[in-house]
Structure formats: C-alpha cells, structure tokens
Amino acid sequence: MIVVSKFLFRRILKHYSGITLWPFIVVRDTPGDVGGRKFAMLINHERIHVRQQLETLLVFFYILYGVFYLINRLKGMDHYKAYSRIPFEQESYIFEGDISYLKKRRLWAWTRFM
C-alpha cells in the first residue's frame with residue numbers, strides 16, 4: 001500500500017523521498033510532483049525493500065540494516081556513504097530502474113552486495 005505523507009518528510013525524514021515500513025510504502029511526493037518515470041523508480045526501489053523485508057522476516061531486516069549501517073560508520077564512513085553501502089540499499093539502487101526486476105529476482109539477492 002502506498003501512502004503519501006509530506007509532513008513526515010518535511011519534519012523527520014527531510015533528505016529522503018520514501019521509506020518502506022511493511023506493508024506500507026510511504027513517499028513524499030506524488031507522480032505529479034516528480035514525474036511518472038522518477039516516481040515509478042522510487043516505488044520500484046521501495047518494492048525491492050518490501051521483498052527484502054519478507055525474506056528476512058521483517059525484524060531481521062531492521063536489525064541487519066542497523067548492523068550494516070553501524071559497521072560502515074565504524075569503518076569511518078560518513079552518514080551518506082554508510083547508508084549507500086548497506087547491501088539492501090545497494091540492490092535497490094542498482095535495480096530501481098528495472099521495473100521487471102522483481103519478476104526475475106532471485107531469493108536473497110541482496111546478499112551479493114555483502
């Protein structure tokens with residue numbers, strides 16, 4: 001289910017466009033705000049996260065996400081680099097432009113980026 005919340009992204013998640021909190025995909029903008037192609041890529045990115053969350057039984061997704069982020073920070077990476085090196089994000093960013101990716105995606109595909 002896709003939810004638009006300008007408030008959440010103006011007040012709390014200022015530098016982000018979307019977040020997946022299973023089963024919801026919460027986005028800042030509508031297709032009319034950013035354009036159809038960019039919106040489709042954002043939704044695809046977040047749907048990849050939905051699949052990752054299901055594979056990791058939800059709770060382990062959030063635990064692993066945090067662990068990967070902390071390890072990256074301990075390696076001296078700044079926030080953005082630590083975030084972008086999380087395997088879940090790497091898979092989502094690489095394949096967000098491939099709208100048919102989820103049809104051919106293999107189980108646990110995010111582990112290739114560890």
Side-chain angles (χ1 to χ4, degrees):
M1 179 182 322
I2 299 170
V3 177
V4 176
S5 174
K6 297 208 183 269
F7 174 82
L8 178 66
F9 291 96
R10 277 193 207 134
R11 302 282 185 206
I12 301 168
L13 300 171
K14 294 178 183 180
H15 303 289
Y16 297 92
S17 301
I19 187 169
T20 301
L21 301 168
W22 192 88
F24 302 102
I25 294 173
V26 185
V27 295
R28 177 182 57 210
D29 300 310
T30 66
D33 295 333
V34 295
R37 174 76 178 141
K38 188 172 181 181
F39 187 78
M41 287 175 60
L42 171 62
I43 296 303
N44 197 46
H45 177 102
E46 298 303 332
R47 284 184 176 148
I48 293 169
H49 285 319
V50 168
R51 187 73 58 85
Q52 294 164 343
Q53 289 175 2
L54 291 173
E55 288 173 349
T56 55
L57 305 175
L58 300 179
V59 69
F60 295 110
F61 174 86
Y62 296 108
I63 291 169
L64 287 169
Y65 197 101
V67 167
F68 289 131
Y69 178 79
L70 286 174
I71 289 170
N72 291 338
R73 289 298 298 226
L74 291 171
K75 289 180 179 178
M77 296 178 197
D78 64 23
H79 166 73
Y80 179 75
K81 190 166 189 173
Y83 158 79
S84 65
R85 293 279 177 93
I86 295 169
F88 299 121
E89 292 300 338
Q90 288 182 314
E91 179 190 13
S92 293
Y93 277 113
I94 288 170
F95 295 106
E96 68 186 7
D98 182 355
I99 303 303
S100 64
Y101 175 66
L102 285 173
K103 293 177 184 171
K104 57 189 173 196
R105 181 184 180 269
R106 293 180 182 224
L107 193 63
W108 300 90
W110 60 270
T111 60
R112 296 182 314 187
F113 302 95
M114 292 177 61

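Every value quoted in this text rests on a predicted model; they were computed, and no experiment measured them.
- With contacts defined as side-chain heavy-atom distances shorter than 4.5 Å, the pair W110/I48 does not qualify.
- In the displayed structure, K14 atom NZ is contacted under 6.0 Å by at most 12 heavy atoms of other residues, nucleotides or ligands.
- In this structure, M114 and P87 have side chains that are in contact, with non-hydrogen atoms separated by less than 4.5 Å.
- No side-chain heavy atom of F113 sits less than 4.5 Å from a side-chain heavy atom of R85.
- Proximity of a side-chain donor or acceptor of R28 to a complementary backbone N or O of H15 within less than 3.5 Å is not detected.
- To the nearest 0.5 Å, atom NE2 of residue H49 and atom CG of residue L21 are 11.0 Å apart.
- When the salt bridge (Lys or Arg N to Asp or Glu O under 4.0 Å) test is applied to R105, the partners found at least two apart in sequence or on another chain are E55, E91.
- Judged by distance alone, with hydrogens and angles left aside, the side-chain atoms of N72 form no donor-acceptor pair with the main-chain N or O of Y69 at under 3.5 Å.
- Of the inter-residue distances, the one linking I2 atom CD1 with T30 atom OG1 reads 11.5 Å to the nearest 0.5 angstrom.
- At least one side-chain heavy atom of F88 sits under 4.5 Å from a side-chain heavy atom of F68.
- Donor-acceptor pairing under 3.5 Å is lacking for the side chains of E96 and Y101.
- The OG1 atom of T20 lies 10.0 Å from the CZ atom of R47; values are rounded to the nearest 0.5 Å.
- By the 6.0 Å contact criterion, CZ on F60 is open, its count of non-hydrogen atoms from other residues, nucleotides or ligands being 12 or less.
- Residues D98 and K103 have side chains not in contact (no heavy-atom distance under 4.5 Å, counting atoms from C-beta outward).
- Residues I12 and V3 share a single hydrophobic cluster, defined by chaining ILVMFWY side chains whose heavy atoms lie under 4.5 Å apart.
- No continuous path of ILVMFWY side-chain contacts below 4.5 Å connects V67 to W108, so the two sit in separate hydrophobic clusters.
- A pairwise comparison of heavy atoms in R73 and A82 identifies CD-CB, 3.6 Å as the closest pair.
- Residues V26 and F9 have side chains in contact (heavy-atom distance under 4.5 Å, counting atoms from C-beta outward).
- Taking the ring centroids of Y83 and Y16, they lie under the 6.0 Å cut-off.
- Using a 4.5 Å heavy-atom threshold, the side chains of Q52 and S92 count as touching.
- In this structure, Y62 is a member of the same hydrophobic cluster as I86, with clusters built from ILVMFWY side-chain heavy atoms closer than 4.5 Å.
- Hydrophobic clustering, with ILVMFWY side chains joined whenever heavy atoms are under 4.5 angstrom apart, groups L8 together with F24.
- Of the N and O atoms on the side chains of E89 and S84, not one donor lies less than 3.5 Å from an acceptor on the other residue.
- Using a 4.5 Å cut-off between side-chain heavy atoms of Ile, Leu, Val, Met, Phe, Trp and Tyr, with links allowed through other members, V34 and I25 fall into the same hydrophobic cluster.
- With rounding to the nearest 0.5 angstrom, the CZ atom of F95 is 11.0 Å from the CD atom of Q90.
- The shortest distance between side-chain heavy atoms of F61 and L54 does not fall below 4.5 Å.
- For the atom pair CD of E46 and OG of S17, the computed distance is 8.5 Å after rounding to the nearest 0.5 Å.
- If you take CG on L64 and OG1 on T56, they are separated by 6.5 Å, rounding to the nearest 0.5 Å.
- Checked for salt-bridge contact, K6 and D29 meet the test: a charged N lies under 4.0 Å from a carboxylate O.
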